[in-house]
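Input: a single structure, listed below in structure tokens.
Atoms within each ligand, like the ligands themselves, are counted from 1 in listed order. Positions are given from 1 along the sequence.
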Amino acid sequence: MKISRFKLILPALIAWAGFGVSYADGVHQMNVDVKKKGAEISNTMYGLFFEDINFAADGGLYAELVKNRSFDFPYALTGWLPAGNVQIMNDGPFENNPNYVRLGGSGHGSKFTAITNEGFFGIGLKAGEKYRFSVYARSDAPRGSSVRIELIDKAAMGEQQAFVKHNLRIDSKEWKKYTVELTSPVTISKAQLRIFLTGQSNVDLEHVSLFPVDTWKGRENGLRKDLVQALADIKPGVFRFPGGCIVEGTDLETRYNWKNSVGPVENRKLNENRWHYTFDTRLFPDYFQSYGMGFYEFFLLCEDIGAEPLPVVSCGLACQFQNGKDAHCSLDEIDTFVQDAIDLVEFANGDVTTKWGALRAEMGHPEPFGMKYLAVGNEQWGEEYIEHVIPFIEALRKKCPEIEIVGTSGPYASGEYFDYLWPKMKELEADLVDEHYYCPEDWFINNAARYDSYERKGPKVFAGEYACHGSGRKWNHFNASLLEAGFMTGLERNADIVRMATYAPLFAHVEGWQWRPDLIWYDNLNVTRSCSYYVQQMYSTNKGTHVLKLLDDSQKPYTGAAGQDGLYASAVYDETDNSIVIKVINIGDDNQDINVVLSGLKRNETLKKGVVTTLHSDDIYADNVPHTNLVIEPETIKPVTSEIELNGQNLSVTVPAKTFAVYRLYR
Ligand code: AHR
């Protein structure tokens, strides 16, 4: 409800001078009782959802620069350009990845035999940075043989092409790992790696790898530092992985089987990636899952960035969109899937004397990872899901009572599947229910009150995948992010039942995307954070500890309802610094004056200082990666923080049109 704007004309005038947009009449009154601390806000409230889509793992977060390093793609030389005498052999040292190449050292081929790897849309290298090349190799000659490792710029001419050259003697008839550090003298986004046979005799090569030395935390089988930094900067409370649809698989054979993703990287069995063919207009025949970044690396990442791990396991149903009624394993076979889930808990939390706990220790982490949540199935639906999930729930309750179980409500935010599954999840006493909504603008505009009327008893809500998909603008742009911000006030206000929320998808390579919008974009050298990223970050870093009621004069929350002029708002108390945080989103075309009245402060208590962080774009269809050319350039739309003067027990400000503003108030 509004009061006369003349009472608050000064701030309005100040803002008018700054923005030059017309004002709506009156002032919006927002009442917050700071004494009545509401529900605690879960530490897991704002998190991340990782799926290997858009080249998010290989070619993205996983820092390996060589594509098809084990020659085990269905077409063994995918990613490689062979020259001369190159043969594919299949009796290699790693059982699950048996292929390797033989560079033939006899006859004509020995003059120019080489293989060249194109990387993922090229190999990104930075001047002065070190790169660790490694390979398993052997030579059948008594005196060995040799190769030359080259980093090349194909676009350059003649001698300039190979800007790094390193001779490597292969001195053993047995398979042996060779490691070499190379320093790049140049910054280049599309280099290639060439291995040239220089000796007279055969050389066999397997698991050819090139990593930046400077990975996140310097780990050898590491992750791309700039991308992990972007994740860490969100301060996520929970991290859902590894998908999404890839958990289900196009068929059960190709589901994500976590057991294939642990142990020595050389022996992790390659899997297809369904996103290579899901959209025939975005076909990527060279997109597979090496599992180099597997469950161990996921758990480590969660630990590094302070997020609770939330793995998702297959429930024995492959993608129902693709398989209909034939998606399932028969219930006679379900035990294998259930056992995989139980074993996963042992891998994460088990004592080092257990089978899977011992593997975790062997991989370098004897301490348990402290996993608390497990999701069973992704976007499943119907009776089949219920039949399949029951054995999981029974077994987990019995054997792993410490684990909170996340069930699903299907792929949509409402409708037949949703209406069937929610009551079932209550009946089965799932701890949380995963909801997904990729919806257009009007859905986000109208759904900030979605959870206000949810039943308070029973499972909690996990908004596991959501994003505003603009109608006609299904790509990143500021307006979509602004509407997400408005909608999220409803998550925050209902933090008593909404325990987790994760935007989706997380990552996209500008040359390798299949799905957009996405939170973080990158090429081989640079990263950019979208407007949606900043919305997530502004929520997560201003999460607070307790909900405070924020109501208009007619006791209604600000949900963009009629008469509220496109305003959405929520409030929290943060006991870590005794501050009060007010989030206001103005999705309208006019600036709006607001007057936040903090009741419940002591009589002489006044607000001392305030900090406001705003996210705004003059062009609501813009984002940090323009959708037209998808080029990573310096970010133009970012949060801006400044101090605000406060006096008394009110916050009287103008929220500019098309702006997300977070006010942190100290007393
Ligand atoms: O986030 C992309 C896909 O959307 C996920 O894999 C799936 O769960 C949903 O349909």
Side-chain angles (χ1 to χ4, degrees), residues 47-58 60-61 231 236 238-252 254-256 258 271-282 284 287-289 298 310-315 317-324 327 374-382 385 389 406-415 417-418 421 432-440 443 461-470 474-476 480 484 500-509 512-521 530 532-533 536:
L48 299 169
F49 160 51
F50 178 92
E51 174 167 24
D52 189 1
I53 183 172
N54 305 322
F55 284 84
D58 296 348
L61 187 57
L231 302 184
V238 66
F239 190 86
R240 175 180 183 241
F241 64 92
C245 289
I246 65 162
V247 168
E248 304 165 24
T250 299
D251 47 37
L252 287 174
T254 56
R255 74 185 189 275
Y256 195 110
W258 74 267
N271 196 4
E272 71 160 41
N273 188 320
R274 59 162 290 159
W275 297 111
H276 112 208
Y277 53 76
T278 300
F279 301 115
D280 53 12
T281 51
R282 303 287 306 163
F284 290 90
Y287 192 7
F288 285 79
Q289 300 181 76
F298 280 124
L310 167 47
V312 187
V313 288
S314 160
C315 65
L317 282 172
C319 177
Q320 287 169 278
F321 284 112
Q322 302 221 343
N323 298 277
L374 180 66
V376 183
N378 173 45
E379 286 180 344
Q380 261 64 62
W381 64 74
Y385 177 57
V389 80
V406 183
T408 178
S409 58
Y412 309 117
S414 57
Y417 299 148
F418 184 90
L421 283 178
L432 291 117
V433 176
D434 183 8
E435 298 188 355
H436 293 183
Y437 23 90
Y438 297 103
C439 295
W443 190 92
V461 173
F462 169 34
E465 293 184 29
Y466 68 95
C468 176
H469 281 196
K474 206 164 160 265
W475 50 76
N476 288 87
E484 286 155 9
M500 305 172 176
T502 56
Y503 177 99
L506 182 57
F507 280 128
H509 192 295
W513 64 273
Q514 297 86 45
W515 179 297
R516 58 182 182 171
D518 305 288
L519 210 60
I520 300 168
W521 287 82
S530 67
S532 291
Y533 172 97
Q536 294 295 319

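- Nearest to atom 1 (O) of ligand 1 among the protein's heavy atoms is Tyr438 OH, 2.7 Å.
- Under a 4.0 Å criterion applied to the non-hydrogen atoms of Gly244, ligand 1 contributes the atoms 5 (C), 6 (O), 8 (O).
- Annotation: Trp443 is in aromatic contact with Tyr437 [ring centroid separation under 6.0 Å].
- Checked against a 6.0 Å centroid threshold, the rings of Tyr385 and Tyr417 do not count as neighbours.
- Between Tyr412 and Phe418, the distance separating the two ring centers is not shorter than 6.0 angstrom.
- The shortest N/O to N/O separation between Glu379 and ligand 1 falls below 3.5 Å.
- Of all atoms in ligand 1, listed by their number and element, those nearer than 4.0 Å to a heavy atom of Pro505 are 1 (O).
- Salt bridge annotation for Glu465-Arg240: present, with a cationic side-chain nitrogen under 4.0 angstrom from a carboxylate oxygen.
- For Phe55 and Phe507, the gap between ring centers reaches or exceeds 6.0 Å.
- Phe279 and Trp513 have their aromatic ring centers separated by at least 6.0 angstrom.
- The protein non-hydrogen atom at the shortest distance from atom 6 (O) of ligand 1 is Glu51 OE1, 2.5 Å.
- Looking at ligand 1, you won't find any N or O of Ile53 less than 3.5 Å from one of its N or O atoms.
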message = I'd like to know whether Cys245 forms a side chain to side chain contact (heavy atoms under 4.5 Å, CB included) with Arg274, so could you lay out the CA-CA distance, the side-chain angles of the two residues, the decisive distance to 0.1 Å, and finally the verdict.
response = CA-CA 8 Å; Cys245 289; Arg274 59 162 290 159; 3.7 Å; yes
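- With respect to atom 4 (O) of ligand 1, the closest heavy atom belonging to the protein is Glu465 OE1, 3.2 Å.
- Counting heavy atoms closer than 4.0 Å to ligand 1, residue Trp275 contributes side-chain atoms (C-beta onward) but none from N, CA, C or O.
- Listed by number with element, the atoms of ligand 1 under 4.0 Å from a non-hydrogen atom of Asn378 are 7 (C), 8 (O).
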